[in-house]
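Beneath this line is the structure, given in structure tokens, with notes to follow.
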Number of protein chains: 2
Amino acid sequence: MARIKTENNLTRKEVIVSKAATLFREKGFKAASMRDLAEAVGVEAASLYNHIKSKTEILHELCFSVANRFLHKIDEVEAEQTSAIDKIEKLLRFHINEMIHHYEEVYVSDREWKHLSDPYLSNFQNQRRIYRKRFAAIIEVGIADHQIKKIDAATAVLIMLHAISGIESWHRSTQKITAEELEENMISILVGGLVNR
Amino acid sequence: MARIKTENNLTRKEVIVSKAATLFREKGFKAASMRDLAEAVGVEAASLYNHIKSKTEILHELCFSVANRFLHKIDEVEAEQTSAIDKIEKLLRFHINEMIHHYEEVYVSDREWKHLSDPYLSNFQNQRRIYRKRFAAIIEVGIADHQIKKIDAATAVLIMLHAISGIESWHRSTQKITAEELEENMISILVGGLVNR
DNA sequence: AAACATCGCTAACATTCGTTAGTATATTAT
DNA sequence: ATAATATACTAACGAATGTTAGCGATGTTT
């Protein structure tokens, strides 16, 4: 049997996690059964356990791989020598593109993390809280610079992040605008809502 | 036994549905069991069925009571003789206040409607689609009037509605700004993101 | 070729789930 | 008081769940 990689250059485990992302998005973590997943992979349910430790482990992997990408990005953006508005726009564009191109994973990470179990749960919540604080800090710099209007930074963050999760509806919509148009529209509205004028 | 009302002026069924809303929000529809609900109500699981037909019926009631409130509101707003921006602001303020004051129900209706079963599921999806189209139509009037900048109306709707669902985080936050401040901040950012200038 | 690791299968497990049946008790209406 | 209604209980059901044990076949390494 294939030892490391299948024809698609993915390990069996990666295939399982990827199919799980789709399934978890469609039905929710709790409602998606291991037998559903097995069928999607083309295998019996028990066979999944040759590759993964548990159903929850799949959720861990999804949630933390997404979280890590965002943390890495905010590291990068914070280090740049640009204006607060520039940084925010870069973060927003990253969020938008992640939501467009890694829809299933990002969506699942966003909506199903509650089903993580400790210590992963607290860990995830912490990372999330810290990420939002760092995002808010950038906004506060923008407010101090009078680039951004006087608003509650935490509220602004919460609006931005949740607004982007609306891309879910775009994915499910039948008559879509293009991804580029979507990105520009979102940036126009979201950044436009922040700037002083 | 109490025939119609308990001491709180609520029927037993209303108590059950209300406790269910809290539970469904906390754990998700699938993960919240009838035994959990029974415990919250202070009764055995089987006893719930003297008041409700099924677990799904509770979800129906929650989802459609919320949906009906929004449909009623948009009826009202559409009939007014005001500008598009005025109408949008009124709708947004209604959404915000619903999310603040009927948190559990609105949140559950928003996130758990997928677990409805047909014909209720299709029905709900239809209402939702129609509501968004009517909202988008108002935005398009604003664009035609040059009150609102040239954006994709559907995208704008999706941003507005999802942004407001972020109030969830406000509810869970420990150091909250007041509800009034939250409302004004959200309106400032969201309406500010739409208007031409 | 022998030893070993990989990986899919069948069968089964203990739990938990939503729900029903049947019964007893308390309240309201006549 | 008596009948009717509402509502709580215990017990149990069949179905679905995540997961484990054990086996056999296939591939890799020596």
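Small disclaimer: the values here were computed from a predicted structure and weren't measured. Proteins get letters first, then strands, A, B, ... in listed order; numbering begins at 1 in each.
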Seminar exercise, completed: When rounded to whole Å, the NZ to P distance for the pair A:K55 and D:dT17 reads 8 Å
Grab the N/O contacts between the protein and nucleotides 9-13 of chain D below 3.5 Å, and write none if there aren't any.
residue: D:dC9; atom: OP2; partner: B:E44; partner atom: N; Å: 2.6
residue: D:dC9; atom: OP2; partner: B:S47; partner atom: OG; Å: 2.9

Exercise. Expressed in angstrom and rounded to an integer, what is the separation of A:I58 atom CD1 from D:dT19 atom C1'?
Worked result: 13 Å
For this session: Would you kindly give the CG-to-P distance between B:L37 and C:dC17, to the nearest whole Å?
Result: 12 Å
Exercise. Just by modelled atom types, is the B:G192 backbone N or O under 3.5 Å from a matching donor or acceptor in the A:K149 side chain?
Worked result: no
For this session: List the steps, then state whether salt bridge (Lys or Arg N to Asp or Glu O under 4.0 Å) holds for B:K73 with B:E98.
Result: CA-CA 11 Å; B:K73 186 65 180 183; B:E98 285 288 310; over 6 Å; no
For this session: Could you check how far CG of A:L23 sits from P of D:dG18, rounded to whole Å?
Result: 10 Å
For this session: Report the distance from atom CG of A:L48 to atom C1' of C:dC9, rounded to the nearest whole Å.
Result: 12 Å
For this session: Look at the side chain of B:H51 and decide which nucleotide, out of D:dT7, D:dT19, C:dC7, has an atom nearest to it.
Result: D:dT7
Seminar exercise, completed: From CD1 of A:I52 across to C1' of C:dG8 the rounded distance in Å is 14 Å
For this session: Please confirm whether A:Y107 and A:F24 have ring centers closer than 6.0 angstrom.
Result: no
Exercise. Counting any heavy atom closer than 4.0 Å, what does A:A32 reach on the DNA or RNA strands: base, sugar-phosphate only, or nothing?
Worked result: sugar-phosphate
Exercise. Can you check whether B:T155's main-chain N or O pairs, donor with acceptor, with A:N185's side chain at less than 3.5 Å?
Worked result: no
Exercise. If you look only at pairs with a residue in residues 123-147 of chain A, which of them pass as a ring-ring contact (aromatic ring centres under 6.0 Å, His included), with sequence neighbours excluded?
Worked result: A:F64-A:F124, A:H95-A:Y131, A:W113-A:F124
Problem set entry | Whole-Å gap separating C1' (C:dT28) and CZ (B:R12) | 18 Å
Tell me which donor-acceptor pairs under 3.5 Å the side chains of residues 79-88 of chain B have, and how far apart each pair is, sequence neighbours excluded?
residue: B:E80; atom: OE1; partner: B:K90; partner atom: NZ; Å: 2.8
residue: B:S83; atom: OG; partner: B:D86; partner atom: N; Å: 3.2
residue: B:K87; atom: NZ; partner: B:E80; partner atom: O; Å: 3.4

For this session: In whole angstrom, give the distance that lies between atom NZ of B:K30 and atom C1' of C:dT16.
Result: 12 Å
